[in-house]
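All ligand and atom numbering here is 1-based and tracks the order in the structure. Values reported hereafter were calculated over all heavy atoms of this structure, with side chains retained and with hydrogens, waters and symmetry mates removed. We count residues from 1, following the sequence as given.
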Amino acid sequence: MTERIVILTGAGISADSGVDTFRDPNGIWAKHNVEDVATPQGFARNPARVHEFYNGRRRGLGSVQPNAAHRALARLEAEFPGEVLVVTQNVDDLHARAGSRNVIHMHGELAKVRNARTGQVFPWQDDLSVDSRCPVSGEAGVLRPHVVWFGEMPLLMNEIAAALDACDLFASIGTSGNVYPAAGFVAEMRTLGLAHTVEINLEPSQGASLFAEQIYGRAAETVPAWVDRILRG
Ligand code: OAD
């Protein structure tokens, strides 16, 4: 009997809300250079450009809503008798706005900023600039988006590893399987051999063959149907 579920989500779960994915033909990485906007080196070279990129994405949160897939995962957490953890690579806040409570943002959150000197994290709704001041120290030029850039370690990896070790159902929803360590979770699950694994995506991901089960289609349709099936037992 299934008792602990871990669900990895990626940009595809928010696609039906109108949030751009990264690697689709019109995705974010087709319009922006990764090295410029998503690396520590890009930020050191031109912090204003990086702020502009994340300011645009942060502003965009105001015009999107959770979709049926986010809501289905919140319902799963509320109604499933065991534990449900969502580990998301997304920096949007749509899981929380749909009602999910047990969420780890392994790539950070658009609605937070961090003091790069002290590591303190603050909720943040406005635009961020090189002149923005730390709410605690008052210092300017030390705040950065609380997002993980390429070359940086994703957040809360120990908690994620413990949850993966303990789970008996692992689902990966809306991720292309290009970015590690998240892309490697399914291989870890296979090595442990204790959990059922399912990929739910628009199309087969890089690691599709590593999953025991595959479901393809739009997340707003496939995820509610999958959640119904889990809750029916
Ligand atoms: P990608 O853009 O790489 O992949 C999105 C996946 O979602 C693709 O496999 C699409 O086929 C699928 N997809 C698109 N529309 C969908 C829909 N309506 N329903 C279901 N699936 C759909 O995004 P991620 O895998 O999330 O990291 O990218 C991983 C990381 O790469 C991101 O967190 C970000 C990015 O660079 C950082 O910025 C550190």
Next on the checklist: With ring-ring contact (aromatic ring centres under 6.0 Å, His included) as the criterion, how do Phe53 and His32 come out once you've worked through the C-alpha distance, each side chain's angles and the decisive distance to 0.1 Å?
Outcome noted: CA-CA 9 Å; Phe53 173 69; His32 300 271; 4.7 Å; yes
Checklist entry - With a 6.0 Å cut-off on ring centres, are Phe43 and His51 close enough? => result yes
Checklist entry - Does a salt bridge link Arg229 with Glu213, judged by any charged N lying under 4.0 Å from a carboxylate O? => result yes
Checklist entry - Quick one: does Gly27 get within less than 4.0 Å of ligand 1, heavy atoms only? => result no
Next on the checklist: Quick check on contacts: which atoms of ligand 1 are under 4.0 angstrom from a heavy atom of Asp24?
Outcome noted: 10 (C), 14 (C)
Item to check | OH-CG distance between Tyr216 and Leu202, expressed to the nearest 0.5 angstrom | outcome: 10.5 Å
Checklist outcome for this item: Taking only non-hydrogen atoms of Val148 and a 4.0 Å limit, the atoms of ligand 1 in range are 39 (C)
Checklist outcome for this item: Note: ligand 1 atoms sitting under 4.0 Å from heavy atoms of Asp16 are 18 (N)
Show the atom names and distances, to 0.1 Å, of all donor-acceptor pairs under 3.5 Å that link a side chain in residues 177-191 to residues at least two apart or in another chain.
unit_1	atom_1	unit_2	atom_2	d
Asn178	ND2	Ser176	OG	2.8
Arg190	NH1	Leu210	O	3.4
Thr191	OG1	Ala187	O	2.8

Item to check | Numbered atoms of ligand 1 (with element) below 4.0 Å of Gly217, judged on heavy atoms | outcome: 19 (N), 20 (C)
Next on the checklist: Quick check on contacts: which atoms of ligand 1 are under 4.0 angstrom from a heavy atom of Glu203?
Outcome noted: 11 (O)
Checklist outcome for this item: Taking only non-hydrogen atoms of Arg218 and a 4.0 Å limit, the atoms of ligand 1 in range are 19 (N)
Checklist entry - For Arg117, does the CZ atom sit with more than 12 other heavy atoms under 6.0 Å from it, leaving out its own atoms? => result no
Item to check | Trp29 heavy atom under 4.0 Å from ligand 1 | outcome: yes
Item to check | Proximal atoms of ligand 1 relative to Ala15 (non-hydrogen, under 4.0 Å) | outcome: 15 (N), 16 (C), 18 (N)
